[in-house]
Asks: 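Here's a structure for you.
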Amino acid sequence: MREVVHIGRNPSVEPDLQELVGRVALGDEEAFASVYDNVVSPVLGVVRAVLRDQAQSEEVAQEVLVEVWRTAPRYRPDRGTAINWILTLAHRRAIDRVRSVEATAARDHRAAVMDHMPEYDEVSEQVEARIEREQVRRCLRTLTELQRQAVTLAYYRGLTYRQVAEALTLPLGTVKTRLRDGLIRLRDCLGVTA
Amino acid sequence: MTTADLHWMTGAYALHALSDDEREAFERHLPDCEPCEREATELRATAARLGLAVSMTPRTAMREHVLRRINAVRQDTPDAGSAARPQRAGARAGLISRWALAACMAAVAALGGTAVWQHERAESALEQARRAEQGAGGIATVLAAPDAAARSAALGDGATGTVVVSQDLDRAVFVVSGMERPTRGKVYQLWFADGTAMRSAGLMDPERGDQTVLLRGPVDGASGMGITVEPAGGSRQPTSPPLALMNLPA
């Protein structure tokens, strides 16, 4: 029986991911299996959004999860929640992969400009995931067009702000500030505290 | 890049949209700028929400790959001065010693069986099973027992099993879903495990992937249970490595 975790919205019923990661840090493999069940879907989703290739995404997602196991003893709860730590790592590793590939082959950024939030047919239709997606969509709509394009190109396509500037033909400074004020607006809409 | 520029970088930083050089410059700046650090943390948490919104269910085989891989990966040592981590919560009551279980699982892995991973939160399965089986004689009695305790495990290939034990009644029930049919002429046989000794606890219905079975005979202090594939009619002792071994709940 897989556990269903309510990440970020309903802390009172959330199996404590934080505590599980603490146990993983002590080498507890059972706790790691629970962490895996709780985070694998968003980890794969993030990586797939950036990489788009299914086989590569699975490979990178697995590396991320193994890295969670390896580096759990270094996780610092005072620097953010466990889910944020794990998803930040997933996004980082996906981007590392994209940029290492880019070093040898130029990527087609025009294709990347086409759209924002990825749609997958295989997306998990668990209620939690659907609610989360709807909420993020709703909040993304509160951003200006430029903010939304800049933020989604950077996050879901893994572009640097320079590449975003190029793709949207905007000055660098404008993109930097759009990324910041876009995320701030999103933060306030989603009620993110840290 | 000036310090003033760095203040505007929190968004790009949180989205991993800086070049390596810029990121390093920003991170060097962070300890000197408490508001930047706080904003960066919040915006990173916001970016994580963008990630949660694109959850995607992986293939079930991935779980086993990852759980197998970590066996061979040594963990880092904590950073000096890292925040206190939660204390190990003592030996959790009722668990077979972790070492005994680890030894069993190592044996299973060596035999090519599927290792079973314990999950602690089996209450919802217990509730489901209670509802589903109300009125079904011995099964219902066990599930409704005030001391009934449950433990769930993934059995591989998407199947899950939950064992419910009432120590007062000295009986156990096994609830399984998503089991593949055994090959023709074979059955799944259930066993109580006492250390290395296995005692037959009856057969499952080979036609049903989802079923609830009252384990045959008393629990009688058994520490775990296992499932093997046996010739139709069952065997006196297991003749194949277990598909799964799980310890019984407290």
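Quick caveat, the model's predicted, so the values are computed rather than measured. Values reported hereafter were calculated over all heavy atoms of this structure, with side chains retained and with hydrogens, waters and symmetry mates removed. We name chains A, B, ... by the order of the sequence lines, and we start the count at 1 in each one.
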Asks: Given a strict heavy-atom distance threshold of 4.5 Å, which part of A:L179 is in contact with chain B: side chain, backbone, both, or neither?
Replies: both

Asks: In terms of heavy-atom pairs under 4.5 Å with chain A, which of B:R74, B:R44, B:M62, B:R59 leads?
Replies: B:M62

Asks: What's the verdict on side-chain hydrogen bond (donor to acceptor under 3.5 Å, both in side chains) for B:E180 and B:Y188, showing C-alpha distance, side-chain angles and the deciding distance?
Replies: CA-CA 10 Å; B:E180 268 179 36; B:Y188 292 119; 6.0 Å; no

Asks: With rounding to the nearest 0.5 angstrom, report the CZ to CD distance, A:R97 to A:Q56.
Replies: 5.0 Å

Asks: Return the option, out of B:S19, B:A159, B:G51, B:A14, with the maximum number of heavy-atom pairs under 4.5 Å with chain A.
Replies: B:G51

Asks: Checking heavy atoms, do the side chain of A:V175, its backbone, both or neither come under 4.5 Å from chain B?
Replies: neither

Asks: Tell me whether the rings of B:Y13 and B:F26 are parallel (<30°), tilted (30 to 60°) or perpendicular (>60°).
Replies: tilted

Asks: Run the side-chain donor-acceptor check on residues 31-38 of chain B: report pairs under 3.5 Å with partners two or more places apart or on a different chain.
Replies:
residue: B:E34; atom: OE1; partner: B:R38; partner atom: NH1; Å: 3.3
residue: B:E34; atom: OE2; partner: B:R38; partner atom: NH1; Å: 3.4

Asks: Suppose we screen for salt bridge (Lys or Arg N to Asp or Glu O under 4.0 Å). Which residues come up paired with B:D205, at least two apart in sequence or across chains?
Replies: none

Asks: Please rank A:I184, A:T88, A:I95 by heavy-atom pairs under 4.5 Å with chain B and give me the top one.
Replies: A:T88

